[in-house]
Amino acid sequence: MRAFAVWSFGEAPALHDLPVPAAGGAFLLRVAYAGVNPLDNNNLARLTANSAYPYVLGIDFAGVVERVPAGGSDLHAGDRVFGMARTHGAYAEYTAVTPGARSEPLARIPGGVTDEQAAALPTAAVTALRTVDLLGVAAGQRLVVMGATGGVGGYAVQMALSRGAHVIATVRGDADEARRLGAKEVYDTAAVEVVSALRAAHPDGVDAVLDLVSGPDAIRGDAEFIKPGGRLVSTIFAADEGWFAGRQITARNSASNANPLLSPQGLTEVASMLADGTITARIRSTADLADAGQVLAKLRNGGLRGKAVIRL
Ligand SMILES: NC(=O)c1ccc[n+]([C@@H]2O[C@H](COP(=O)([O-])OP(=O)(O)OC[C@H]3O[C@@H](n4cnc5c(N)ncnc54)[C@H](OP(=O)(O)O)[C@@H]3O)[C@@H](O)[C@H]2O)c1
């Protein structure tokens with residue numbers, strides 16, 4: 001089968017012909033589309049001489065059940081499914097997923113959702129839902145989403161709007177896209193100094209901030225426009241929770257491996273949101289497997305402004 005993989009430590013990822021996974025006790029899945037996330041670049045950068053090779057890139061996918069593991073399942077061969085293939089990797093014609101593994105959820109794709117859309121959901125949409133939950137986003141609250149036009153941010157903005165929140169977006173050079181998403185206020189880091197602008201616009205402070213982009217130093221600036229008793233979530237482990245607590249702000253670092261929505265139920269919930277129109281997938285790039293390297297570079301270098309998927 002064709003796979004986009006690193007053959008051995010130190011080599012660049014490339015197209016390789018690999019054996020179809022011997023699924024054994026796992027589901028064997030024929031991949032229709034793989035979803036692309038910053039995590040794919042991060043995992044590539046973290047490879048060491050001790051990693052398992054060949055290393056197939058990617059986690060998120062949508063496709064069809066080819067073989068069900070012994071012991072049975074409520075999924076059957078031929079079912080359309082989507083999920084996360086953390087162990088085997090997803091940028092390949094086939095992948096394997098261990099049933100019940102916490103980090104490898106698998107769920108049916110509901111009617112009305114295409115394979116392409118489903119592949120754009122798992123990591124980003126489930127993270128968006130978790131963070132919106134952690135922030136307790138509710139009607140009338142003012143939520144700032146920093147990095148609002150990216151994969152997680154785009155879903156989070158739409159979910160928060162559906163709860164009736166007043167959504168304030170920060171973006172890098174793409175204010176129109178944030179307005180199209182429905183953000184009521186948009187601050188472009190390319191045009192304004194965002195912390196001062198937000199402090200001036202909200203002197204009493206906002207209720208909550210989802211910060212998808214600020215590092216450990218920059219994120220302290222968020223304290224300047226969050227009200228006392230307000231909440232902050234970082235998806236990149238940038239928040240010093242004790243430092244924010246000293247400023248009457250409840251800060252949380254949302255860890256993907258501690259996300260209870262990484263489950264068939266969590267996947268089904270975000271797919272239902274797509275089916276009922278609460279969210280759209282915002283796919284900005286659909287590339288062939290041979291072009292996976294270019295898609296990853298685009299995500300790394302910026303300017304994608306939505307989701308990318310790879311067509312198998
Ligand atoms: N902990 C978890 O569970 C978890 C799960 C998923 C993702 N993550 C992490 O969360 C982060 C966001 O993920 P994602 O999938 O949304 O990434 P993404 O698709 O790359 O989106 C990030 C967005 O933020 C924009 N941006 C960059 N710097 C900015 C700034 N200073 N102000 C405003 N906007 C800025 C980017 O613009 P450009 O296009 O110009 O770069 C891009 O639109 C990534 O670091 C990812 O690794 C964590």
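Note that ligands are numbered from 1 as they come in the structure, with each ligand's atoms numbered from 1 the same way. Numbers here are sequence positions counted from 1. Predicted, not measured: the structure shown is a model, and the values here were computed from it.
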Ion pair D204/K227, N-O distance below 4.0 Å: no
What do we get for P38 next to ligand 1 when only non-hydrogen atoms under 4.0 Å count, side chain, backbone, both or neither? side chain
Atom 7 (C) of ligand 1 has as its nearest protein heavy atom V152 CG2, 3.9 Å
Closer than 4.0 Å to some heavy atom of T123 - which atoms of ligand 1 meet that? 6 (C)
Proximity of S254 to ligand 1 by residue part, where a heavy atom lies under 4.0 Å: backbone
Give a yes/no verdict on whether any heavy atom in L212 is under 4.0 Å from an atom of ligand 1. yes
Pick out which of V167, I279, L210 makes a side chain to side chain contact (heavy atoms under 4.5 Å, CB included) with V157. V167
Considering only NZ, NE, NH1 and NH2 on the basic side and carboxylate oxygens on the acidic side, decide whether D133 and R130 come within less than 4.0 Å. no
Which option, V171, V194, L304, owns the non-hydrogen atom nearest atom 33 (C) of ligand 1? V171
Hey, is CZ on R252 packed in by over 12 heavy atoms from elsewhere, all under 6.0 Å? no
Side chain, backbone, both or neither: which applies to N42 and ligand 1 if a contact is any heavy-atom pair less than 4.0 Å apart? side chain
Shortest reach to atom 22 (C) of ligand 1 by a heavy atom, considering only A128, A238, G150: G150
Which label fits Y53 and F9: parallel for a plane angle under 30°, tilted from 30 to 60°, or perpendicular past 60°? tilted
Pairs of nitrogen or oxygen atoms closer than 3.5 Å, one from R305 and one from ligand 1: do any exist? no
Any heavy atom of G303 closer to ligand 1 than 4.0 angstrom? yes
Protein heavy-atom partner closest to atom 45 (O) of ligand 1 - residue, atom, separation in Å: I236 CG2, 3.2 Å
Using a 4.0 Å heavy-atom threshold (strictly under), name the region of T235 that reaches ligand 1: side chain, backbone, both or neither. both
Under a 4.0 angstrom heavy-atom cut-off, which atoms of ligand 1 come close to T170? 33 (C)
Of all protein heavy atoms, the one nearest atom 41 (O) of ligand 1 is R172 NH2, 2.7 Å
Roughly how far apart are L274 CG and Q117 CD, rounded to 0.5 Å? 5.0 Å
Keeping R172 on the side-chain end and G303 on the backbone end, is there a donor-acceptor pair under 3.5 Å? no
Distance to 0.1 Å, residue and atom name: give those for the protein heavy atom nearest to atom 5 (C) of ligand 1. T127 OG1, 3.1 Å
Is atom 29 (C) of ligand 1 near the protein, in the sense that some protein heavy atom lies at less than 4.0 Å from it? yes
Closest to atom 35 (C) of ligand 1 among protein heavy atoms sits V213 CG1, 3.6 Å
As an exercise, identify every atom of ligand 1 less than 4.0 angstrom from a heavy atom of T149. 43 (O)
For T189, state whether at least one heavy atom is located under 4.0 Å from any atom of ligand 1. yes
Atom 19 (O) of ligand 1 sits nearest the protein heavy atom G151 N, 2.9 Å
Test log, rule side chain to side chain contact (heavy atoms under 4.5 Å, CB included), inputs V64 and V81: CA-CA 6 Å; V64 174; V81 291; over 6 Å; no
Between R305 and E177, does any side-chain N to carboxylate O distance fall below 4.0 Å? no
For atom CD of E193, decide whether the heavy atoms of other residues, nucleotides or ligands shown that lie under 6.0 angstrom number more than 12. yes
Under 4.0 Å to a heavy atom of G302 - the qualifying atoms of ligand 1, by number: 38 (P), 39 (O), 40 (O), 41 (O)
Give the numbers and elements of all ligand 1 atoms closer than 4.0 Å to a heavy atom of S256. 1 (N), 2 (C), 3 (O)
Lys/Arg-Asp/Glu bridge criterion (N-O < 4.0 Å) met for E66, R30: yes
Check the pair D211 / S214 against side chain to side chain donor-acceptor pair (under 3.5 Å), numbers first and verdict last. CA-CA 6 Å; D211 196 325; S214 306; 2.7 Å; yes
Does the pair D115/R80 count as a salt bridge with the N-to-O cut at 4.0 Å? yes
